[in-house]
Amino acid sequence: MTSSAELHKRRGAAVARGVGSVVPSYVDRAAGGTLTDVDGREWIDFAAGIAVTNVGNSAPRVVEAVRAQVERFTHTCFMVAPYESYVAVCEQLNALTPGGFEKRSALFNSGAEAVENAVKIARHATGSPAVVVFDHAYHGRTNLTMALTAKNMPYKHRFGPFAGEVYRVPVSYPLRDGGLSGAEAAARAIETVEKQVGAENVAALLIEPIQGEGGFVVPAPGFLPALRRWATATGVVFVADEIQTGFCRTGDWFACEHEGVEPDLVTVAKGIAGGLPLAAVTGRADLMDAVHAGGLGGTYGGNPVACAAALASIETMHELDLVAAARRIGSVATDRLRAVADRNPGIAEVRGRGAMLAVELVRPGTLEPDPATTAAVAAACHAAGLLVLTCGTYGNVLRLLPPLVISDTDLHRGLDILDAAFHS
Ligand SMILES: *Cc1c(COP(=O)(O)O)cnc(C)c1O
């Protein structure tokens, strides 16, 4: 087999430099909680392809469903000649997402595309232009979603001009906002919107219930419910971006459930289809159906192979009770991470929920972010065979996103490597 070193050389001459990779090892195969590279080295997977393979890589039901669908037909375009699996995925989404009201769904290819469509729907339904987003938010890399995303490097740098009518307000970030309560942080955000934008000009308030790329920031309790109440009172469409948090990741089907928040619209992608590209907007039937026939769509949106994979993934989540699995991973890993933090004064906080966990690194005794140590710890993990990611506006957060089917043995092996990496 061609070695990673050789492939990396070929890549340099063929693949655009702007597309990066966390590790220079090329994958040969992957299953459950591990990857094996072309050099025969096994990796413990704490990335899950960025919270995508929640059911594990090449999950048996997914493989079977994809194989069967590929043999029947690969593409007709739902806008040309429709098929059952698209409808079935929408039924599943309408039933699984928070909120007992009547819902509709539409399917797309990527998270960014789902977010763009949620904004289109909210604008169409309200007749208002503005979109409110938060500090540290990440919503994608297309033109509109770059505008919605907070961080300049690497996502936005020199890629402007960006779309207009996007307004950014402060989020609840308990470690860094002086301990504001959820209600206080929400009041601060709402006051900013009312003073600077005006509720009647706002189509949508768009929020990740736990921020992903921005640093796995868990808002103080009460923050999301207070924003939800304000949106209800003002007629602003509350859009939860559950692209990273969805599909059992946080120990609930969707992270909004934790505080009983029912969004008007939900965007999903990543974990939905076991690794095949699929995304969706699901929400209140009156909002979704406000859009004229033909106003939403795309050539590949709800591709039949991706839909088959989604249905098989959802079955797997039920069958293996991945909600419970995420909670168990959360409790095992949180205990171990707290023990690591007790021995490392550079860890300011262990946070997250379920199998979406992070540690934030600072210079000991301060809140000054320490991206250099964060990168060094991640590199030591990679050298020892653990695939772990960093994130955060300041690049000082190590995040854990294992597949929810990871074995206890692999989970502990990975945590052993992470623990040791702080002392290498
Ligand atoms: C990854 C992500 C997106 C963008 O999804 P893509 O499929 O990469 O376009 C949007 N929002 C959140 C919260 C994400 O984590």
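Remember, it's 1-based here, ligands and their atoms both numbered in the order they're listed. Residues: numbered from 1 along the sequence shown.
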Novice: Relative to each other, are the rings of Trp253 and His318 parallel, tilted or perpendicular (30° and 60° limits)?
Specialist: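 The arrangement is tilted - the two ring planes meet at 30° to 60°.
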
Novice: Can you check which of Glu213, Lys270, Gln244, His139 brings a heavy atom nearest to atom 14 (C) of ligand 1?
Specialist: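 Closest candidate by heavy-atom distance is Lys270.
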
Novice: Check this for me: does any side-chain nitrogen of one of Lys103 and Asp286 sit under 4.0 Å from a carboxylate oxygen of the other?
Specialist: no

Novice: Could you tell me whether some N/O pair between Glu208 and ligand 1 is separated by less than 3.5 angstrom?
Specialist: no

Novice: Taking NZ, NE, NH1 and NH2 as the nitrogens, is one of them in Glu42 or Arg413 under 4.0 Å from a carboxylate oxygen of the other?
Specialist: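 Looking at Arg413 together with Glu42, the answer is yes, because their closest N to O distance falls below 4.0 Å.
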
Novice: Would you say ligand 1 has an N or O under 3.5 Å from any N or O of Ala269?
Specialist: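 N/O-N/O distance under 3.5 Å: no.
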
Novice: Can you tell me which residue and heavy atom of the protein come closest to atom 11 (N) of ligand 1, and the distance to 0.1 Å?
Specialist: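 So the nearest neighbour among protein heavy atoms is Asp241 OD2, 2.7 Å.
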
Novice: What is the nearest protein non-hydrogen atom to atom 5 (O) of ligand 1, stated with its residue, atom name and distance?
Specialist: Gly111 CA, 3.2 Å

Novice: Short N/O distance, under 3.5 Å, between Ala112 and ligand 1?
Specialist: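 Such a contact does occur with ligand 1.
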
Novice: So does Arg351 pair up with Glu360, basic N to acidic O under 4.0 Å?
Specialist: yes

Novice: Quick test of your reading of the model: are Glu213 and Arg399 salt-bridged, counting only N-O distances below 4.0 Å?
Specialist: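 Between Arg399 and Glu213 there is a salt bridge, with a charged N closer than 4.0 Å to a carboxylate O.
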
Novice: In plain terms, say whether Arg327 and Asp252 are close enough for a salt bridge, that is, a side-chain N and a carboxylate O under 4.0 Å apart.
Specialist: yes

Novice: Under 4.0 Å, heavy atoms only, figure out whether ligand 1 is touched by the backbone of Ser110, its side chain, both or neither.
Specialist: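 Both backbone and side chain.
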
